[in-house]
Structures are given as structure tokens and as C-alpha cells.
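A short write-up of the structure that comes next.
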Amino acid sequence: MANLRLVLLGAPGTGKGTQAARLAKRYDLKPIASGDALRAKIESGNELGRQVEEFVSAGRLVPDEIVTTIMLEAINGLPATQGFLLDGFPRTPAQADALAAGLAGDGRRVDAVLSFEMPSDEIIERLTSRRICSGCKKIYNLRFCPPRQDGVCDVCGEQLMQRMDDHADVVATRLQTYLDLTHPLIEHYLDRGILHRINAAATPDEVEAELAGIIEGLERA
Ligand code: G5P
Ligand code: MG
């Protein structure tokens, strides 16, 4: 199980990060999140970070070459037998092609793409009430999974914060960007016979159970 190569595909707020943390632990997979990698670049404060911030804060996609370089570097830094979960990458057909080419060089390929699907109105509600721990990055939701103490992480005690792109106006741009540029990947991976649709509008435990059924089916296949 630990050598599976999975892609989590879905609109903003559909629960990719929440499930990546659960699946990584359950199946010993390395989670690699493009959004987290890009936010780390922003925090570094250098010229690349400033360029990236302009796109992320506006809810637009960072150019393909920048994201692809960062993600392929992270993937290639893993031992060849270590499975991984890509959260938020690829997000355009050009990124999907670059990923396939990068893996093919070592005789590898994506085993499955898990497509998180749910209605847009619920997505907006989830994102505007999301909070993230500034220390360990654990994901909370003021409505669905609040911390025990207001504003404080249950795990590490650091302060919770709101992401710069979780304000309602930026969320609307992110959703539209998803529909215009990323949604076509569903067709792309359906054509390749590796897309699995997930009902993301359930509880985290129910979504995890659905994902586990698919992942364990892959191993038996
Ligand atoms: P990110 O960081 O990749 P998005 O927009 O893809 O951001 P996001 O917002 O991180 O995705 P998510 O990870 O799908 O959403 O969702 P989550 O954080 O786990 O859950 C959202 C909320 O719902 C939380 O409050 C959680 O508690 C709650 N929740 C989760 N699961 C459930 C559930 O099952 N039930 C219920 N009721 N609640 C739940 O990308 C950010 C930006 O980086 C750039 C772009 O600018 C992008 O906008 N970027 C890229 N640019 C170009 N190419 C790429 N490949 C890029 N990747 C990132
Ligand atoms: Mg996320």
C-alpha cells in the first residue's frame, strides 16, 4: 500500500487537505500539497515568494512552470519506493502532462485520481469558516470541527489563523478558476481510466471510508 501514487483532485474546500492527512497516516503515504509548498515560498519572503503571493492572494493559479518545478522536485526527493498523495496538483492539463512525463522517466505513473465532488454553496460556507493552526497547520472549521478552546490549536497550542485566500471575494475567484482551468482534468483522467468520483459532501469519517474502499480495491486489482 505504501507505494501507491495518488492524486487528490477537487474544487477549493472539498476536503483534500483534511483527507490527505488521514490517508497519509493510514497508508504510509507522503502527502505533498502544492498550496502548502507555495505558501512556504511566500513565507520565505524572497522574489519568487512575492511573485507567488500575487497569484495566490488573488485566487488565481500560479504559472504552470513554477508549480511543476516545485512539485517534481518534491516528488523526486522521495525514495523511489515511497508512495505519495498529491493534494492540489496537477491543476491544469499542462501540469498533468508534466507530471506524467516526470514519472514516466522512472517507469512510474499515477495509480488513481480521487475526484472530490460537492455543491458550490456548501464550499463557500466551509471556506469562510475554515481556520488553520499557524504552528502545525492542522485544519479546523468553526462550524463543523471547531477547536476545544477558541482560537487555539488542540494539538500544539499555537494560534489559529484564517488563510489570506479564504475571504468570500477571493473564494469566488478560486471557484471560477477551478471550473475554467481544473475541472477539465476530470475528463482527462476519465479518458485514462483512473478517475474515481467521491461524494465530498459527507462527514470526514464517511469520506475517509469511501476513499479507503477505493484505495484497498486498487491494491486487490
Ligand atoms: P490550495 O492550498 O491547494 P485549494 O483551493 O485547492 O487550496 P483548499 O482551500 O486547501 O483547496 P481543501 O484542502 O480541499 O481546500 O479543503 P480542507 O482544507 O481539507 O477543508 C476545507 C474546510 O472544510 C475545512 O474547514 C475543513 O475542516 C472542512 N471539511 C473538510 N472535510 C470535511 C468534510 O468531510 N465534511 C465537512 N462538513 N467539513 C469538512 O491552493 C491555494 C492556492 O495556491 C495556488 C493557487 O493560487 C490556489 O488558489 N495553487 C496552485 N496554482 C497553480 N497550480 C497548482 N497546482 C496550484 N496549487 C495551488
Ligand atoms: Mg488544502
Side-chain angles (χ1 to χ4, degrees), residues 7-24 31-42 49 51-72 74-75 85-99 114-133 137-147 153-154 160-167 170-183 185 198-211:
V7 167
L8 307 190
L9 176 69
T14 48
K16 303 181 299 294
T18 300
Q19 294 299 330
R22 288 172 174 236
L23 298 177
I32 309 178
S34 49
D36 289 347
L38 293 167
R39 284 183 286 277
K41 294 283 175 212
I42 295 174
Q51 279 177 32
V52 166
E53 184 169 15
E54 278 189 35
F55 292 97
V56 173
S57 61
R60 293 163 52 212
L61 290 190
V62 173
D64 287 336
E65 314 75 62
I66 297 180
V67 183
T68 301
T69 303
I70 293 171
M71 293 301 283
L72 287 179
I75 292 168
L85 281 161
L86 303 180
D87 163 5
F89 177 87
R91 225 144 153 140
T92 63
Q95 291 180 20
D97 290 343
L99 172 64
L114 306 164
S115 172
F116 286 53
E117 304 188 1
M118 62 183 276
S120 300
D121 49 351
E122 202 180 320
I123 290 179
I124 294 169
E125 203 167 333
R126 277 193 191 183
L127 286 182
T128 48
S129 54
R130 171 169 58 185
R131 296 294 181 272
I132 312 274
C133 173
K137 312 293 180 202
K138 183 173 165 58
I139 302 167
Y140 292 87
N141 192 284
L142 300 182
R143 290 192 50 226
F144 307 115
C145 41
C153 179
D154 295 347
L160 303 190
M161 52 149 207
Q162 188 168 25
R163 258 171 53 176
M164 68 168 91
D165 55 350
D166 273 353
H167 298 281
V170 184
V171 168
T173 306
R174 288 165 60 201
L175 276 176
Q176 193 57 48
T177 302
Y178 170 79
L179 291 174
D180 294 342
L181 301 175
T182 308
H183 193 263
L185 283 182
I198 310 296
N199 171 23
T203 66
D205 285 349
E206 288 165 340
V207 177
E208 183 181 346
E210 191 177 353
L211 290 164

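Numbering of ligands and ligand atoms starts at 1, following listing order. For clarity, every value in this text was computed on a predicted model and none was experimentally measured.
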I'd like to know if [X] contacts ligand 1, where contact means a heavy-atom distance under 4.0 Å to any ligand atom.
| X | result |
| --- | --- |
| Arg143 | no |
| Pro204 | yes |
| Arg39 | yes |

At less than 4.0 angstrom from any non-hydrogen atom of Pro12, what atoms of ligand 1 do you find? 4 (P), 5 (O), 11 (O), 15 (O)

What part of [X], side chain from CB on, backbone N/CA/C/O, both or neither, has a heavy atom under 4.0 Å from ligand 1?
| X | result |
| --- | --- |
| Leu127 | side chain |
| Gln95 | side chain |
| Cys145 | side chain |
| Thr203 | backbone |

Please state which option from Phe116, Tyr178, Phe144 has its nearest heavy atom closest to atom 37 (N) of ligand 1.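 Minimum heavy-atom distance to atom 37 (N) of ligand 1 goes to Phe144.
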
Which residue and non-hydrogen atom of the protein lie closest to atom 18 (O) of ligand 1, and at what distance in Å? Arg130 NH1, 2.5 Å

Which protein heavy atom lies closest to atom 30 (C) of ligand 1, and at what distance to 0.1 Å?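 Residue, atom and distance for the closest contact: Thr18 OG1, 3.3 Å.
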
If a pair satisfies salt bridge (charged side-chain N to carboxylate O under 4.0 Å, His left out) and one of its residues is in residues 14-23, list it, with sequence neighbours excluded.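 Salt bridge (charged side-chain N to carboxylate O under 4.0 Å, His left out) check on residues 14-23 returns Arg22-Asp205, Arg22-Glu208.
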
Over all atoms of both residues, closest heavy-atom pair of Asn141 and Ser129: OD1-OG, 3.1 Å

Listing, residues 55-67 side-chain donor-acceptor contacts under 3.5 Å, not counting sequence neighbours, or none:
from: Ser57; atom 1: OG; to: Glu53; atom 2: O; distance (Å): 2.7
from: Asp64; atom 1: OD1; to: Thr92; atom 2: OG1; distance (Å): 3.0
from: Asp64; atom 1: OD1; to: Gln95; atom 2: NE2; distance (Å): 2.9

